[in-house]
Amino acid sequence: MSITVTEIVLHQLHQTSDEPPQLTTVLRDNLLTITPEVEQMMLQLHQAYQGKSKAYGVFKSESVFAQQLNRLLEQETDFLPFSHSSAKMLASELGKYTFASGGTFILCRYTFLATEYLFVALIDSRSSMLVDDKLDIKRTEYLEINQYDIACRINLTELKMNAKSNRYLTFIKGRVGRKVADFFMDFLSAEEGLNPQLQNQTLLQAVSDYCEQGELDKSQTQAVKKQVFDYCKEQINTGEEITLQELSATIPTLNDKDFATFTSTQEYGLEETIPPVRNTLKTLTKYSGSGKGVTLTFDADLLNQRIIWDELNDTLTIKGLPANLRDQLMRNK
């Protein structure tokens, strides 16, 4: 699938050799011409962003970035001056931190699947070698467009339709999550919005409560949980969110009440659509844990069949070891 780039600009944030170092901005005085190469770069950035672990945020009421973005959306300012102001604000915020080293600042307004986005990122450059047409070796620099961690994306379509939404802003979280929280979110003047992890955990509790009020036995409960997991897995595979109404239609109605009605009457606080969190949803059909050098994962329906739990003695007995595990044990006895 392709994207349609509307406006895009690049600026540079450079670290000076002063003591202490300062961050300066090198600003373009015009927008990039939208060429096939530009659209290909943004498509790669978009695809990389889609695959990253993200959190949701919302602008604080005092957010200067949000105020300037609103002026842009209201056509009170143009994209270029908006980008200049944003680059200067980011340099000012980033300059407060000792790890600041600069990078290429990208702002892009684009459309994907009838949804308009604003992509904001700080991308590192890497050095490499190339062979020119005279077969000489020269040094070159390139953008790390697949390996970046400092970025956010604003769903402009949703922001315009519902300014009170708690999911119009997403940002990358991961191994440099604190960097994002400490300066990138401060640059945006944003705070946490929708919590997908909490929503998924609440969904799992609601499923367990639904089965309990339906007076299902253990095997029936596990069958329902598997149906829920299969639906959620399909949503993950297709890049879609969990929809309560769709999920409700895939599992049995219990005590004359479907799952969607049950969750609304019990006031779980679930969103109508929920971003799936794979590791949390796995607990619907699996038990897993690790500690003290031991890692265990097994299907939930094996408990008290091939895997016996002795709660009193705090032990698990496994009947029928996996063949590859048995082979390893035999080779090293």
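Note: hydrogens, waters and symmetry copies are ignored here, and every other heavy atom, side chains too, is used. Numbers for residues simply follow the sequence, beginning at 1.
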Student: Any side-chain heavy-atom pair from I8 and R109 closer than 4.5 angstrom?
Tutor: no
Student: Could you tell me whether the side chain of S63 and the main chain of L188 form a donor-acceptor pair under 3.5 Å?
Tutor: yes
Student: Any side-chain to backbone donor/acceptor pair from H46 onto F119? Under 3.5 Å, distance only.
Tutor: no
Student: Check F59 against I154 and note the closest heavy-atom contact, atom names and distance.
Tutor: CZ-CD1, 3.8 Å
Student: With distance as the sole test, does S248 use its side chain to make a donor-acceptor pair with the main-chain N or O of F259 at under 3.5 Å?
Tutor: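 Checking the backbone N and O of F259 against the side chain of S248, a donor-acceptor pair under 3.5 Å is found.
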Student: Are there over 12 heavy-atom neighbours, none belonging to Q245, within less than 6.0 Å of that residue's CD?
Tutor: no
Student: How about CG on L325, more than 12 heavy atoms from neighbouring residues, nucleotides or ligands closer than 6.0 Å, or not?
Tutor: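 Yes, the 6.0 Å shell around CG holds more than 12 heavy atoms from other groups.
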Student: Can L194 be reached from L156 by stepping across I, L, V, M, F, W or Y side chains whose heavy atoms are under 4.5 Å apart?
Tutor: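 In one cluster: no.
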Student: Does Q50 have more than 12 heavy atoms from other residues, nucleotides or ligands lying within 6.0 Å of its CD?
Tutor: yes
Student: Could you check whether any side-chain N or O of T261 sits under 3.5 Å from a backbone N or O of K257, counting only pairs where one atom can act as donor and the other as acceptor?
Tutor: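 The answer is no, because no donor-acceptor pair under 3.5 Å joins these two groups.
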Student: Treating T263 as the side-chain partner and A260 as the backbone partner, does any N or O pair qualify as donor plus acceptor under 3.5 Å?
Tutor: yes
Student: Do K233 and N237 touch side chain to side chain, with heavy atoms closer than 4.5 Å?
Tutor: yes
Student: Test S165 against E158 for side-chain hydrogen bond (donor to acceptor under 3.5 Å, both in side chains), laying out the working first.
Tutor: CA-CA 8 Å; S165 168; E158 181 159 0; 2.6 Å; yes
Student: Identify which one of S83, S86, C108, C152 satisfies the side-chain contact (heavy atoms from CB on, under 4.5 Å) criterion when paired with V120.
Tutor: C152
Student: Under 4.0 Å between a Lys/Arg side-chain N and an Asp/Glu carboxylate O for R167 and E241?
Tutor: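 Here R167 pairs with E241 in a salt bridge, since their nearest N and O are under 4.0 Å apart.
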Student: Would a distance-only check, ignoring hydrogens and angles, find a side-chain to backbone donor-acceptor pair under 3.5 Å from D258 to P252?
Tutor: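 Checked: no pair found.
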Student: Would you say that more than 12 heavy atoms from the other residues, nucleotides or ligands in this model lie under 6.0 Å from the CD of E272, or not?
Tutor: no
Student: Checking D217 against S219: is there a side-chain donor and acceptor pair closer than 3.5 Å?
Tutor: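 Checked: S219/D217 side chains pair up, N/O donor to acceptor below 3.5 Å.
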Student: Does a sphere of radius 6.0 Å around CG in N332 hold more than 12 heavy atoms from other residues, nucleotides or ligands, not counting ones at 6.0 Å or beyond?
Tutor: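 Yes, enclosed.
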Student: Would you check if T111 and I3 make a side-chain contact, meaning some heavy-atom pair closer than 4.5 Å?
Tutor: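 A side-chain contact is absent here, since even the closest heavy-atom pair is not under 4.5 Å.
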Student: Assess whether side-chain hydrogen bond (donor to acceptor under 3.5 Å, both in side chains) is satisfied between Q227 and T250, documenting all intermediate values.
Tutor: CA-CA 7 Å; Q227 287 177 299; T250 67; over 6 Å; no
Student: When you measure from the centre of the six-membered ring of F298, is the NZ or CZ of K286 under 6.0 Å away and within 45° of the axis?
Tutor: no
Student: Got a second to check how far L113's CG is from S2's OG, nearest 0.5 Å?
Tutor: 9.0 Å
Student: Do we see a donor-acceptor contact under 3.5 Å between the side chains of E37 and T35?
Tutor: yes
Student: Tell me, please, whether Y231 has K226 positioned over its six-membered ring: NZ or CZ under 6.0 Å from the ring centre and within 45 degrees of its axis?
Tutor: no
Student: For residues K319 and I307, determine if any side-chain heavy atom of one lies less than 4.5 Å from a side-chain heavy atom of the other.
Tutor: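 No, too far: nothing below the 4.5 Å cut-off.
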Student: Just do the side chain to side chain contact (heavy atoms under 4.5 Å, CB included) check on V207 and K225 with the steps written out, would you?
Tutor: CA-CA 7 Å; V207 171; K225 288 185 175 180; 4.1 Å; yes
Student: Count the heavy atoms belonging to other residues, nucleotides or ligands that lie under 6.0 Å from CD of E267, then report whether that count exceeds 12.
Tutor: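 At most 12 heavy atoms, drawn from other residues, nucleotides or ligands, come within 6.0 Å of this atom.
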Student: Checking R153 side chain against L169 main chain: does a donor-acceptor pair fall under 3.5 Å?
Tutor: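 Judged by distance alone, no pair lies under 3.5 Å.
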Student: Between the side chains of R28 and N30, is a donor N or O closer than 3.5 angstrom to an acceptor N or O?
Tutor: yes
Student: Considering all heavy atoms of both residues, which atom of F79 and which atom of L31 are nearest to each other, and what is their separation?
Tutor: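 Heavy-atom minimum between the residues: CD2-CD2, 3.7 Å.
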Student: Specify whether F187 and F105 have parallel, tilted or perpendicular ring planes, treating 30° as the upper limit for parallel and 60° as the lower limit for perpendicular.
Tutor: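 Plane angle over 60°, so perpendicular.
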Student: Quick one: does any side-chain atom of E7 pair with a main-chain N or O of D78 as donor and acceptor, under 3.5 Å?
Tutor: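 Such a contact is absent between E7 side chain and D78 backbone.
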Student: With a 4.5 Å cut-off on side-chain heavy-atom distances among I, L, V, M, F, W and Y, is there a chain of contacts connecting L80 to V64?
Tutor: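 Yes; tracing contacts between hydrophobic side chains, which count when under 4.5 Å, links both residues.
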Student: Determine the minimum heavy-atom distance between I123 and I106, stating which atoms define it.
Tutor: CG1-CD1, 3.7 Å
Student: Please report the closest heavy-atom contact between E116 and T157, naming both atoms and the distance.
Tutor: N-OG1, 2.8 Å
Student: Any luck finding a side-chain donor-acceptor pair between D301 and Q305 under 3.5 Å?
Tutor: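 Distance-only check fails for D301 and Q305.
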Student: Would you check, one step at a time, whether the test side chain to side chain contact (heavy atoms under 4.5 Å, CB included) holds for F262 with N255?
Tutor: CA-CA 10 Å; F262 172 79; N255 287 341; over 6 Å; no
Student: Do you know which two heavy atoms are closest between A121 and A151, and how far apart they sit?
Tutor: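 For A121 versus A151, the nearest heavy atoms are CB-CB, 3.6 Å.
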Student: Under 4.5 Å between any side-chain heavy atoms of L281 and I242, yes or no?
Tutor: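 Yes; the side chains approach each other to less than 4.5 Å.
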Student: If two hydrophobic side chains count as joined below 4.5 Å and joins carry through other members, does L303 share a cluster with F229?
Tutor: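 They do not share one cluster, since no chain of ILVMFWY contacts under 4.5 Å joins L303 to F229.
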Student: May I ask you to decide if Q68's main-chain N or O and E76's side chain share a donor-acceptor pair within less than 3.5 Å?
Tutor: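 The answer is no, because no donor-acceptor pair under 3.5 Å joins these two groups.
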Student: Side chains of Q201 and T280: do they bring a donor and an acceptor to under 3.5 Å?
Tutor: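 Note: Q201 and T280 side chains miss the donor-acceptor criterion.
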Student: Check each of F112, Y168, Y110 against Y117 using the ring pair (Phe, Tyr, Trp, His ring centres under 6.0 Å) test, and report the only one that passes.
Tutor: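 Only match with Y117 under ring pair (Phe, Tyr, Trp, His ring centres under 6.0 Å): Y110.
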Student: Distance-only, no hydrogens or angles: does the S85 side chain make a donor-acceptor pair with backbone N or O of F82 under 3.5 Å?
Tutor: no
Student: So which atom in T25 and which in A91 form the shortest heavy-atom distance, rounded to 0.1 Å?
Tutor: CG2-CB, 3.7 Å
Student: Can you hop from V58 to M161 via hydrophobic side chains spaced under 4.5 Å?
Tutor: no
Student: Assigning hydrophobic clusters by single linkage (Ile, Leu, Val, Met, Phe, Trp, Tyr; side-chain heavy-atom cutoff under 4.5 Å), is L118 placed with F184?
Tutor: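 Both belong to a single hydrophobic cluster.
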Student: Take D310 and N313, measure what side-chain hydrogen bond (donor to acceptor under 3.5 Å, both in side chains) needs, and give me the verdict at the end.
Tutor: CA-CA 6 Å; D310 184 338; N313 294 309; 2.7 Å; yes
Student: With the side chain counted from C-beta on, respond yes when V224 and T221 share a heavy-atom pair under 4.5 Å apart, and no when they do not.
Tutor: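 V224 does not reach T221 side chain to side chain.
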Student: Between Q199 and N195, does the side-chain hydrogen bond (donor to acceptor under 3.5 Å, both in side chains) criterion hold? Intermediate values first, please.
Tutor: CA-CA 6 Å; Q199 284 284 307; N195 186 328; over 6 Å; no
